[in-house]
Structures are given as structure tokens and as C-alpha cells.
Amino acid sequence: MPEYFEEKEAEEEEHLPELDVDTVVMRLAPYPSGPLHIGNARMVILNDEYVKRHDGKLILFYDDTIGSDKKKPLNVAYDLIKEGLEWLGVEWHETYYKSERMELYYEYGEKLIEMGEAYVCECSAEELRGFREKGKECQHRSRTVKENLSLWDSMLKGSFDEGGAVVRIKTDMQYPDPAFRDRVLFRISNNPHPKVGNKYRVWPLLEFSWAIDDHLLGMTHILRGKDLMMEDKMEEYIWNLFGWDGPEFLHYGMLRLKEFRLSKSDFQQKLKLGELNGWDDPRTWTLQSLKRRGIKPEAVREFILGFGMSLSDIEVPASKLYAKNRELIDDEANRYHFVPDPVEVKLEGEIKGEFTELPSHPDHPERGYRKLKTTNRVYIPRKDWQDFQKKEVRLKNFCNIYLDGKKGQIIGTENKDIRKIHWLCEGLGCSVELTDGSIDEGIVEKNIQEAKEKDIVQFERYGFVKLLETKPEVYAVFGHR
RNA sequence: GCUCCCGUAGUGUAGUCCGGCCAAUCAUUUUGGCCUCUCGAGCCAAAAACCCGGGUUCGAAUCCCGGCGGGAGCACCA
């Protein structure tokens, strides 16, 4: 099977621009508010891919600052993220946590204040926004270094309430890009942190902590979405102040899955409310959920790599991912009959034999055949039962019938060139969990108990599913058609 | 409103930096046909694109200017 993947990959043209360097040091910076989902996969895979191609070093750096009320770090997320990375085949060499490096950020923050490049600001968020829009300096900006240092000390000691003071960098309030004007470097939060509890109340913001760490850890390239381009400029600004040479930036455009728009934090919310069954609920599109649906990590990787490093903002249908996955699983997935929402039809006419045989896989007769019992009571999907009323249809590998209400007149057994439907005369109860969280109930052939749990199989004319349980009844998760 | 980014077939993508080999690549999609006792897979064929307008040039998808369209940022989120 690995050979099969290699062949496929060789065919695949990949268009990642080459880096003109010997080796690279790069980082993955997930925020632990939930497991990785398909929307995070681009960041992960691109970084991993570049590092592998250049035989470099990849650092897993949990970006676990305190976040916001809407976006809180979550203890279970650390492991869920790791689990997702391992599943994707990402190889990283070192692991760091922002929450363990707070003293470092304080140290460099203080340096910036000493240098007169940062100041403590007591404006409210609204005031700050107003001044930023107008391009005006607030009254706190002109404080002396000494004042600032003392106020910084008060911040650390806890003399300010949440929202009471922030540390801002001095750029230029006239700077053309309003987003860049005197950005906040540190702020106060009383929220407890899953790893360090209430030990710290003053937390750095993304661009500052990265400006420090990207330099300290010797990053050569920062690969991030183009939504973070402004953060590049901020990091560069800070490196300049310290006289550091910074890594190079690489960007990719915004990728959206057509059928998926929510964020990790949204799911955290829904999970609490019981609207979702878990972090691997198909509606979350987490890596865990994809695994559960029988999506192969290789399919995800190829899917992502197919977009290259394009800076265009794109919206892609999930069918594109499914197409990749189908290429990978069609060959291995054995076939079974599953009749959702079964309707019983009474056959009229002679039935020859008690069984019929069907290949486990049409392209692989060597895998053997499965037997299906044939009686005069047959179950077919309600959809087919409706569609083929007053029509002739073939029960695959069994017989041709003329369907009239709940009766089926047998009119032969030869393989005629008419539409074929799947059917069952007996079966096991089977539930299939769909992508929208609903369940298809039906019956499946008993032969499925030969399959192993976690196997990916195809329910003929229905789709590829992953078997979660086969005994006593069958529980499967729908992958795709 | 301000700043930045992007704009090639239905959807993505290659080509854009270093203009000609691009009457534009590949995948997917759709439609035919073949094959197959699945509306799966496979094989063959076809459909289908350089946002618009100027300019530079012998020559522009590629360079310049101007529009238009889409996205992101302007959070004490990441």
C-alpha cells in the first residue's frame, strides 16, 4: 500500500516555491482552544512539508497566551492538537509553550520601556480605538521612562484591574495603516490559564511574543496566512528596535471550506451546550472527525498541497477532499449492501436457490465472494422503492422485478441491461452517522461482521463509510460518496 | 473611511518575478462513449479561462497606469 501512495504522489505536481537555503527552522503555532480542524491543516501541512523538503527543524510552539473571553485556552486541547498532528504525519523536533516563557517576555518588554519605545497606557479600549482612528496621541504617550517603568511594575504587581492598563509600542500615530498605530504589547487578564493558573495577570499579545521567540529560537522562515501580514510588520519593527535580523516571511491565502465556517472556539461553545457529541463530531471538521469518517491523512495532505502557496482567497467544496480520499480508499474498501429506510417488498414468482454470490470487491475477485440469502421477502431502500414504481428494475445479482406497490413480480434472473439496485432479504440493524449529525437507520448484510472495526468499506450505491462497531449491531460513520 | 493582499475554465491550480517556446498546464467538475451485475472505480473524448479599459512593445496572462470585483487588518483574539 505505501508503494501505491508513492506512485500517486510522484504523479502529483506540487508547486511549492523552492527556498534558496540549505536548511530551515520553522514553527507550528496552534492556539489550544480545541483540536486542529481542516481550516488549520494548511498551516500545519505547509510548515511540515517545507521542513521535510529542506531537512530542517520544526518546532511545535503552543501559542497558549491567555486569549480572550471568546477564545480561551483549553487543557484537553494540547493533547488533541498533538493527536491531530501525529495523525497527519507531521514530524516536529521540539515543543515549547508560550505560557512557560512569560518571564522572558517581561524582560524584553521592560527593555522596550527602558529604551523609551513602549509606554503604559490607561486608555479604555474605546478611547484607544478612537485615538487610533483619528491618528492622535493620547495623554499617556508622553510619560517619562521612569514613570512607565514604575507603572509597569504596578501592572506586574497587580495594582491595575483587568483592562486598567496596557503596554503599547510607540510607532507613529500618523502611520498610514491605522492597524499599525501604537499597538498593544501587553494587557491584563484575570482569566485562569489551564497550565499556569493565576500565576500571571499580564499577558503578551501575539506579535510581541513572536517577535521575541522567533528571534530567540533562530527561526529562518515564518509561514503564516496572509491575514497575519500586519503582524509581520510589527515583528520587523520590534526586531529593528533590538537590532536583530529576523526570519523571512512566507504567506498563503485564506482557505475556506464551503461547508465549514465555524471556529474552534465556536465548537467549544456548542460542545458545552450539548449541541455536538464531541470533538470528533463530523460537524466540527476536526482532524479527529475526519479520521473518524475514514478520511485518510494522505488525502488531507494532498488536498492542501494542491493549493500551493497561492495568495488568492479561495472557497473550496469538500468534494475536492473527497475526490482525493476516494482515490486512496476505493481500492481497499470492500463492498456491502446497506439498505437505509428499508421497505419490504413481496416477490412473486419462482426463486431459484437460497443464496446468491457477489464479489467483495468488483475489481478484486481474488478477495472472494460473499453470500446473500434470497427469499421472497426483500428489503429495498425507500428511495428506490419510490423511484422504480411501475418499472422494471434489477435486484443486483439476484433477479429482475416489475415493482408495483409492495409487490415485485419476478420476470427473470438474467443480467439485463437495466438499472440495478441493492437489496437484502435479511440483515443486521445498522446506523450510519451522517456529516450533518443525523443518522440513517437501516439494515446491512451480515457478512459485514467479517470486516474489522475501523475498516473503511463501501455501501454500494450509498457511499464510503467507516465501521465503528459491527457487533451486535453496526454503527458506521459516513465519509463521502 | 484608512492600510495591505488577491483577481487564469464551474471549482482549484501552473505560468506572472526574468515579456515571445501559452492559439495557456494539471486536477476536479460537467457531458458523451466504452467497460463494469453499484448512480463506485477504470479507459477514451469533449466542454470550459487570462476581471475591464488604456499605455509601453515587433510582441503582454506576464511590465506600467486607471477602474471594477473579492478578501484581510484597523481587538486589551490568535
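Protein chains get the first letters and strands the later ones, always in sequence-line order, with residue 1 at the start of each.
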From U3(B), A78(B), C5(B), nucleotide with atom closest to Lys233(A) side chain: U3(B)

Salt bridge flag under 4.0 Å for residues Lys371(A) and Glu354(A): no

Residue pair Tyr97(A), Asp63(A): steps toward the side chain to side chain donor-acceptor pair (under 3.5 Å) verdict: CA-CA 7 Å; Tyr97(A) 303 83; Asp63(A) 203 359; over 6 Å; no

Donor-acceptor pair under 3.5 Å, Lys420(A) side chain vs U38(B) base: no

Sugar-phosphate, base or nothing in reach of Leu311(A), heavy atoms under 4.0 Å: sugar-phosphate

hbond_proxy Glu231(A) side chain to A78(B) base (donor-acceptor, 3.5 Å cutoff): yes

Donor-acceptor contact present, side-chain Arg367(A) to main-chain Ser360(A), <3.5 Å: no

Listed nucleotide nearest any side-chain atom of Arg132(A), set C76(B), G40(B), A78(B): C76(B)

Under 4.0 angstrom between Arg326(A) side-chain N/O and A41(B) OP1 or OP2: yes

Within 6.0 Å of NZ in Lys195(A), more than 12 heavy atoms from elsewhere: yes

Given A78(B), G12(B), A75(B), the nucleotide with the shortest approach to the side chain of Leu228(A): A78(B)

Side-chain donor/acceptor contact of Arg335(A) with base of G40(B) under 3.5 Å: yes

Axial cation check for Tyr252(A) ring with Arg224(A), 6.0 Å and 45° limits: no

Touch class at under 4.0 angstrom, heavy-atom based, for Asp64(A) against every strand present: nothing

Polar side-chain contact Asp227(A)-G71(B) base: donor and acceptor under 3.5 Å: no

Selection from G40(B), U11(B), A78(B) that lies nearest to any side-chain heavy atom of Pro317(A): U11(B)

Donor/acceptor link under 3.5 angstrom from Lys396(A) side chain onto base of C37(B): no

Secondary structure string for RNA chain B (Watson-Crick or G-U under 3.5 angstrom, | for other-strand pairs): (((((((..(((.......[.....)))((((((.......))))))...(((((..]....))))))))))))....

Sugar-phosphate, base or nothing in reach of Val184(A), heavy atoms under 4.0 Å: sugar-phosphate

Lys NZ or Arg CZ of Lys82(A) over Trp92(A) ring: under 6.0 Å, within 45°: no

Distance-only donor-acceptor test (3.5 Å): side chain Asp313(A), base G70(B): yes

Aromatic Trp423(A) / basic Arg394(A) pairing, under 6.0 angstrom, 45° off normal: no

Touch class at under 4.0 angstrom, heavy-atom based, for Glu315(A) against every strand present: sugar-phosphate

Touch class at under 4.0 angstrom, heavy-atom based, for Arg129(A) against every strand present: sugar-phosphate

Lys391(A) to Tyr402(A) six-membered ring, cation-pi geometry met (6.0 Å, 45°): no

Touch class at under 4.0 angstrom, heavy-atom based, for Cys123(A) against every strand present: base

Distance test, side-chain N/O of Ser124(A) to OP1/OP2 of C76(B), below 4.0 Å: no

Nucleotide nearest Asn397(A) when distance is taken to its side chain, options G12(B), G40(B), C37(B): C37(B)

Sugar-phosphate, base or nothing in reach of Arg419(A), heavy atoms under 4.0 Å: base

